[in-house]
Amino acid sequence: MGLIDLHCHILPGVDDGAKDMPMALEMAQKAVDQGISHILLTPHHMDANYTNHKKDVLVKTAEFQKAINDNGIPLTVFPGQEVHLTGDLLKAIFADDILYMDTGNRYLLLEFPHNEVPEYAENMIFELTSRGITPVIAHPERNQGFQRDPDMLTSFVEMGCLTQLTSSSYLGVFSKNVEELTEKIIKANLGFAFASDAHNFKGRRFLMRDAFVKLEKHEGSDTARRFNENAKHIINGEDVEVDDIKLISELKKKKRFGFF
Ligand SMILES: [Fe+2]
């Protein structure tokens, strides 16, 4: 088993990711080059710009897998959605228009609005968890609400959420602040898996191997192994261990000089 990517916009022609099949196949090869063997396809769903109904994603995923196989690329893809948090989420769940990260409908990749953590988020999380659904918050490190108040993330994990961190965030692609927040989330045991959130060949790329190299260097091989194991558990609908979570504000500050 190679690396598992839980969040990726490679399904062709459905959102702001891969434009067409040739581009998607080229991205698939790039993913394999980064050591990725399995990708959860997560087109945007119910955000301001895109609706990708479950039934369409299922058909398109089967077509894409066939093209991947026909081109001899050793990659397995699964159907999914990046589900935007809106007041209509429960309606979409009742209408069976939601794809989960696993076939048992346990884990839901949930994207918060970019600029905030809405006040109703807590209620919605309660509605989801009380139905046996575990939200996996997509890239909290890029959300301005969590950036302003990172300790909110500890509360959401206490409420039963998991998180997916974006590999390029950890590598400083977005900004130094996003990189540092990603590092803190990991140190507070609030990060559970990496995903690429790849959209194209520039900017938001795969960069998974590089993120795992850094993770192993900074946090050790056990943590790196656990991140990819967690991704496998999520895809399989299995338990993910939540261990000794901390408030980010209570993490020890980095010392400027180790000998003082
Ligand atoms: Fe995304």
Side-chain angles (χ1 to χ4, degrees), residues 3-19 23-24 27-28 30-31 34 36 38-54 56-57 60-61 64 75 77-86 89 92 97-102 107-118 121 134-147 153 156 161-175 178-179 181-182 185 191-208 210-211 227 230-231 234-235:
L3 299 176
I4 297 166
D5 187 358
L6 294 175
H7 179 169
C8 183
H9 299 269
I10 187 178
L11 191 64
V14 296
D15 63 6
D16 55 345
K19 279 201 264 304
M23 180 175 172
M27 284 176 72
K30 286 269 185 309
Q34 277 279 318
I36 295 167
H38 296 78
I39 294 182
L40 183 68
L41 307 173
T42 54
H44 295 290
H45 186 43
M46 301 198 304
D47 72 354
N49 300 308
Y50 302 102
T51 301
N52 277 292
H53 294 296
K54 174 179 171 175
D56 300 330
V57 176
K60 286 175 181 167
T61 299
F64 185 36
L75 183 70
V77 293
F78 304 112
Q81 290 164 331
E82 177 176 13
V83 179
H84 197 79
L85 177 64
T86 78
L89 176 54
D97 196 23
I98 294 296
L99 277 162
Y100 295 81
M101 301 173 87
D102 59 300
Y107 293 108
L108 175 71
L109 182 65
L110 188 62
E111 181 194 45
F112 285 19
H114 194 63
N115 59 341
E116 61 167 349
V117 174
T134 299
V136 177
I137 301 173
H139 42 63
E141 76 282 0
R142 298 190 52 217
N143 174 281
Q144 290 172 8
F146 289 124
Q147 288 167 358
L153 193 57
F156 277 92
C161 295
L162 300 178
T163 64
Q164 160 267 303
L165 307 175
T166 294
S167 51
S168 47
S169 298
Y170 191 46
L171 297 169
V173 169
F174 296 104
S175 70
V178 170
E179 179 183 0
L181 180 55
T182 314
I185 291 171
F192 297 89
F194 279 138
S196 73
D197 197 7
H199 282 65
N200 48 44
F201 302 112
K202 283 191 208 147
R204 288 194 270 178
R205 295 176 289 140
F206 286 98
L207 300 177
M208 287 282 279
D210 308 15
F227 262 47
N230 284 343
I234 288 171
I235 290 255

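Order of listing sets the numbers, starting from 1, for every ligand and every atom in it.
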Problem set entry | Centroid-centroid distance, H44 to H9, less than 6.0 Å |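 Centroid distance H44-H9: below 6.0 Å, so yes.
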For this session: Could you tell me if the ring centre of Y107 sits under 6.0 Å from that of F192?
Result: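 No.
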Problem set entry | With Q144 via side-chain contact (heavy atoms from CB on, under 4.5 Å) - residues at least two apart |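 By the side-chain contact (heavy atoms from CB on, under 4.5 Å) rule, Q144 matches H114, N115, Q147, R148.
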Exercise. Residues two or more places apart in sequence or in another chain: which of them pass side chain to side chain donor-acceptor pair (under 3.5 Å) with H53?
Worked result: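 With sequence neighbours excluded, H53 shows a side chain to side chain donor-acceptor pair (under 3.5 Å) to D97, given in chain and number order.
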Exercise. Quick one: side chain to side chain donor-acceptor pair (under 3.5 Å) partners of Q81, sequence neighbours excluded?
Worked result: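 Partners of Q81 by the side chain to side chain donor-acceptor pair (under 3.5 Å) criterion come out as none, since no residue qualifies.
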Problem set entry | Count, waters excluded, of protein N, O or S atoms under 2.8 Å from the Fe ion (ligand 1) |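 Protein N, O or S neighbours of the Fe ion (ligand 1) under 2.8 Å, waters not counted, come to 4.
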Exercise. Does a side-chain heavy-atom distance below 4.5 Å link I36 with K30?
Worked result: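 Answer no - side chains too far apart.
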